[in-house]
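Report on the following structure.
In what follows, every chain begins at residue 1, and chains take the letters A, B, ... in the order their sequences are listed.
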There are 2 protein chains.
Amino acid sequence: MASVESFIAECRIKGIKLTGQRRVIAQVMVEGQGHPNAEQIHADAAHQHDRISLATVYRTLRVLRDAGMVIEHAFPDGRCHYELAGRPHHDHLIDKESGAIVEFCDPEIERLQQAIALRLGYRLTGHRLELYGVRAR
Amino acid sequence: MASVESFIAECRIKGIKLTGQRRVIAQVMVEGQGHPNAEQIHADAAHQHDRISLATVYRTLRVLRDAGMVIEHAFPDGRCHYELAGRPHHDHLIDKESGAIVEFCDPEIERLQQAIALRLGYRLTGHRLELYGVRAR
DNA sequence: GATCATTTGCGAACGGTTCGCATCTTGGAT
DNA sequence: ATCCAAGATGCGAACCGTTCGCAAATGATC
Ligand SMILES: [Mn+2]
Ligand SMILES: [Mn+2]
Ligand SMILES: [Zn+2]
Ligand SMILES: [Zn+2]
């Protein structure tokens, strides 16, 4: 999802009604980076639109999540964090000291998860893998 | 942790003051099985002790968690689930249909996680791995 | 531009967990 | 066994992130 325009276009295709607030949230998600929580997204959005509530941010994120355009992560800080969907799959390493979030993808681990589920008699439908660590020095 | 007696003994060694309520919670955790949440633990405990509040269950679980005697899991149902510590490390597969929780441990995945963290410049301090799936048929 | 379904802001409600406080219990000292 | 200070308990209220209800505003369709 390179541009706000294509994101907006995808909304239209999926029948998601576009409002001023939603355009701003779309822009924040597309042009921003990292894994912001709702409050941070609201703060960024409020910077460009003086009439936007936290409830609308939550509602819009839910719409986008249900449309598969945004991914929601329940990280261990007790809040939900969001990122654009449509990028290649990856998991996260969280720096316990700085809070920094590092993305990674390991095909071997992905493969092993499938194998483990199968061995246990299950078909894998999803997974959550988070590594916690501190800078090695 | 085979018996309630040894669990209680460990509490004493660690300077955890023992009360009627704590003994009952200890028994529920040692003799019960699975990954109960606080409400379920409270229900089980209330069965053996007619004066025990949910707040005390939470407080006791926190004490036991901080003492390393109980592990707390934030599963995606939005509640914390608890299990006895001291058993070999394992991760969990959650049946999305029945809610059943299957334990597994894969040394290869454990090793890969260390390797990935290292490759990213981190020393691994912990991880969370949950697989979600449905019965293969 | 009129219409009507949808969306919005606001503040209240929600649900799991924690807290404050007065009261009770425990474990060590006598 | 009894006393006492330290700590634990029950109760209900508070907390915090998220969701909801509703009246008012807005946007897609005509
Ligand atoms: Mn990511
Ligand atoms: Mn387990
Ligand atoms: Zn993955
Ligand atoms: Zn593991």
Donor + acceptor pair across side chains of B/His81, B/Gln40 (<3.5 Å):
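Side-chain D/A pair, B/His81 to B/Gln40: absent.
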Short side-chain donor-acceptor distance under 3.5 Å, A/His90 and A/Glu83:
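Side chains of A/Glu83 and A/His90: pair found under 3.5 Å.
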[X] [atom1] to [N] [atom2], straight-line distance once rounded to whole Å:
X       : N      : atom1 : atom2 : value
A/Leu18 : D/dT29 : CG    : C1'   : 15 Å
B/Leu61 : C/dT18 : CG    : C1'   : 13 Å
A/Arg62 : D/dC20 : CZ    : C1'   : 9 Å
B/Tyr58 : C/dG15 : OH    : P     : 13 Å
A/His42 : D/dG17 : NE2   : C1'   : 14 Å
A/Ile41 : D/dG17 : CD1   : P     : 14 Å
A/Asp77 : D/dT18 : CG    : P     : 9 Å
B/Leu54 : D/dG10 : CG    : P     : 10 Å

If the cut-off is 4.0 Å, is [X] near the phosphate of [N], judged by side-chain N/O to OP1 or OP2?
X       : N      : result
A/Arg22 : C/dT7  : yes
B/Arg23 : C/dT25 : no
A/Arg51 : D/dA24 : no
A/Thr19 : C/dT8  : yes
B/Gln21 : D/dG10 : yes

Between [options], which nucleotide has the shortest distance from any of its atoms to the side chain of [X]?
X       : options               : result
B/Ala55 : C/dG27, D/dG12, C/dT8 : D/dG12
A/Thr60 : D/dT9, C/dG9, C/dT8   : C/dT8
A/Thr56 : C/dT18, C/dG9, D/dT18 : C/dG9

Ignoring hydrogens, what is the shortest heavy-atom contact between B/Thr56 and B/Ile25? Give both atom names and the distance.
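Nearest heavy atoms, B/Thr56 then B/Ile25: O-CD1, 4.2 Å.
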Report yes or no: is there a donor-acceptor pair, N or O only, under 3.5 Å between the side chain of B/Arg12 and the base of C/dG27?
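Per atom types, no contact qualifies.
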Please determine whether any donor N or O and acceptor N or O are separated by less than 3.5 Å between the side chain of A/Arg59 and the base of C/dG9.
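Answer yes: a donor N or O sits under 3.5 Å from an acceptor.
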To the nearest 0.5 Å, how far apart are CG in A/Leu93 and CG in A/Asp95?
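Nearest 0.5 Å value for the CG-CG distance: 7.5 Å.
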Option among B/Ile8, B/Thr60, B/Val63 that satisfies the side-chain contact (heavy atoms from CB on, under 4.5 Å) test with B/Ile16
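It is B/Val63; the other options fail the test.
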Between A/Ser53 and B/Lys17, who's closer to the 5' end of DNA chain C by nearest nucleotide?
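On the 5' side of the pair lies A/Ser53.
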